[in-house]
Amino acid sequence: MRLHLNENTAGCSPAVLAALRALDRTSAGFYPDYDEARHAVADYLGVPAEFVLLTNGLDEGILAVTAAAFRDRTRGVPEAVGVEPAFDMYEICTNALGGRMVTRPLSDDLTLSLDAVRGAVTPQTRVVFVTNPHNPSGTAVPSGGFAALAADLSAAPGAATGSSPLLFVDETYAEFAGESVIDAPVLERMPSLVVGRTFSKAFGLAGLRAGVLVAHPSTLEPMRQVVPPYSVNAWAAAALPAAIADRAYRDWYVAQAAASRRMLADACERLGLRTWPSAANFQLIRIGGRAPEIVAAMAARGVLVRDRSRERGCEHCIRITAGVVDDTRRAIAALEEALCAAE
Ligand SMILES: *Cc1c(COP(=O)(O)O)cnc(C)c1O
């Protein structure tokens, strides 16, 4: 059981599989057309189609944002600001593209402090990476704060030269939290704001690779130059409208994840393990000094969970995906057995 990468443990909607089965030889033989997928995604997010850029998973979106942000080399080594611990692609892309990652810790309750992030911004800052709900803590902050931060960044030192830093809000887990900063008038007013979404998690399309960047068209333009024209393959393009149309499936899965989160939090309370309130499809759990042992013991019982214990700010912690309730029940049983075995 894969509970280490926050995937949809049930997989995609059956309607997606039906759409893929309807593809034919020319679907594989011809370059893909994105019209239908792009419009379905834009409608789903409530923005005009020019405000979206489909990417090969949001990982590629993060690469495109970083490349676009670092394009201006006239002011020395470009910097990215983020928090620690965080999703590792921000730092990987920053390093790969010759920039420097500057991080601040999460607050003591493992929430994202927008003030701490704001305080790390310098004239060298080209992009600020934040995640809401946060990964790996699962904690969420009200999305109104991001528009305010985007406004502040537009007034930051670099803004005088006409290129203020981008604010990238990674909303990979927004479906589970039921909240988003995406709003057409806000994006219209805030050209520094870029929102990332993915169909990997709530929609269960991780294997197909489909993500999206959402921003003002002028902000997306340099990112469109980075993403190759046929980066999203025909199978992903065909899957998107079908996945988005099946609201019932998504709502069912979001409800399963919410119930699983509660089960995991309750089980941890019973076992005397610290957790943090998660708005995403996973739970961070402080398991203690033997985290690697517990992870191995759970793996031996067929349950993969993520060892985060070696990361700064995440010491003694593991992260477990909260997916289908039956899977969570098995995961909790394996966790209890692993804890007993480790005693
Ligand atoms: C999973 C994840 C992604 C990447 O998703 P893909 O669309 O599968 O590339 C991006 N950001 C965060 C925070 C994630 O957890």
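Just follow the structure's listing: the first ligand is 1, and inside any ligand the first atom is 1.
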statement: One finds that the ligand 1 atoms under 4.0 Å from a non-hydrogen atom of Gly57 are 7 (O), 9 (O)
message: At less than 4.0 angstrom from any non-hydrogen atom of Thr198, what atoms of ligand 1 do you find?
response: 5 (O), 6 (P), 7 (O)
statement: In short, Thr125 meets Ala120 closest at the heavy-atom pair OG1-O, 4.1 Å
Under-4.0 Å heavy-atom contact with ligand 1, by part of [X] that carries it:
X      : result
Thr131 : side chain
Lys201 : side chain
Asn135 : side chain
Tyr173 : side chain
Arg209 : side chain

Does the side chain of [X] pick up a donor-acceptor pair with the side chain of [Y] at under 3.5 Å?
X      : Y      : value
Thr131 : Asp170 : no
Asp307 : Ser309 : yes
Ser154 : Ser192 : yes

message: For ligand 1 and Asn6, I'd like to know whether there is a polar contact (N/O to N/O, distance under 3.5 Å).
response: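 No, Asn6 has no N/O under 3.5 Å of an N/O on ligand 1.
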- prompt: Counting both backbone and side chain atoms, is some N or O of Leu58 under 3.5 Å from an N or O of ligand 1?
  reply: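 The answer is yes, given that Leu58 and ligand 1 share an N or O pair closer than 3.5 Å.
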field: Phe282 six-ring centre to Arg319 NZ/CZ under 6.0 Å and within 45° of normal
entry: yes
For [atom], the protein heavy atom that lies nearest, with its residue and separation:
atom                    : value
atom 3 (C) of ligand 1  : Phe87 CZ, 3.4 Å
atom 11 (N) of ligand 1 : Asp170 OD2, 2.6 Å
atom 8 (O) of ligand 1  : Ser200 OG, 2.6 Å
atom 4 (C) of ligand 1  : Asp59 OD1, 3.3 Å

message: Just checking Tyr173 against Phe87, ring centres under 6.0 Å apart?
response: no
Taking [X] first and then [Y], would you say they form a salt bridge - that is, a charged N and a carboxylate O separated by under 4.0 Å?
X      : Y      : value
Lys201 : Glu175 : no
Glu337 : Arg301 : yes
Arg270 : Glu336 : yes

